[in-house]
Each structure stands twice: as structure tokens, then as C-alpha cells.
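Working notes for the structure below.
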Amino acid sequence: MRRMNLRDEPEDVYLTLAAAAEENRQSLSAFVVDRLAEAARVVRSADYVRTYPAPQGTAVSVDDAVAAVREVREAS
């Protein structure tokens with residue numbers, strides 16, 4: 001495990017994160033680590049999608065797949 005110190009975060013960001021952590025019954029640190037882990041997964045996913053060869057003969061592009069995923073996420 002590594003330690004990370006955040007500095008100079010705006011007050012409104014801190015208050016929003018603290019409130020969200022409380023709502024989720026987590027410490028602020030645990031809540032922020034969870035959100036950072038989500039961000040890391042998204043970054044790796046984006047790298048993977050950029051290098052993934054498009055399926056041949058399906059007429060489905062990577063852009064089509066991304067749009068479909070976004071549509072489902074936004075509907076949730």
C-alpha cells in the first residue's frame with residue numbers, strides 16, 4: 001500500500017466528498033480510494049479500447065460499442 005496526501009483541494013470539493021463518504025458509511029479516505037480505483041480502471045479500459053482491433057465482418061465499430069455502453073450507463 002502506498003500513502004498519498006492531497007493538498008490544496010478546494011473547500012467545496014472536500015465538503016462534497018466528505019458528505020458522500022458519510023452517506024456511503026465510509027471514512028473519507030476509504031471513499032476517495034474507492035473513487036480513485038474507479039478512475040484507474042477507466043484509464044486502463046480506455047487504453048485497452050484504443051489498442052483493441054475492431055471485429056471483422058460485424059459492421060460494429062468501437063465507436064458504436066462505446067455509444068451503446070454510454071447509453072446504458074446514462075439510462076441507469
Kindly list each side-chain donor-acceptor pair under 3.5 angstrom involving residues 13-29, sequence neighbours excluded, with atom names and distances?
unit_1: Thr16; atom_1: OG1; unit_2: Asp12; atom_2: O; d: 2.8
unit_1: Asn24; atom_1: ND2; unit_2: Ala20; atom_2: O; d: 2.8
unit_1: Gln26; atom_1: NE2; unit_2: Asp34; atom_2: OD2; d: 2.6
unit_1: Ser27; atom_1: OG; unit_2: Ala30; atom_2: N; d: 3.0

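In this structure Glu38 satisfies the salt bridge (Lys or Arg N to Asp or Glu O under 4.0 Å) test together with Arg35, sequence neighbours excluded.
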Inset, instruction - List the steps, then state whether side chain to side chain contact (heavy atoms under 4.5 Å, CB included) holds for Val32 with Met4. - result: CA-CA 11 Å; Val32 170; Met4 182 185 305; over 6 Å; no
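Separating the CG atom in Asp64 from the OG1 atom in Thr58 is a distance of 8.5 Å, to the nearest 0.5 Å.
Note: the hydrophobic cluster containing Val33 does not contain Leu6 (ILVMFWY, side chain heavy atoms under 4.5 Å, direct or indirect links).
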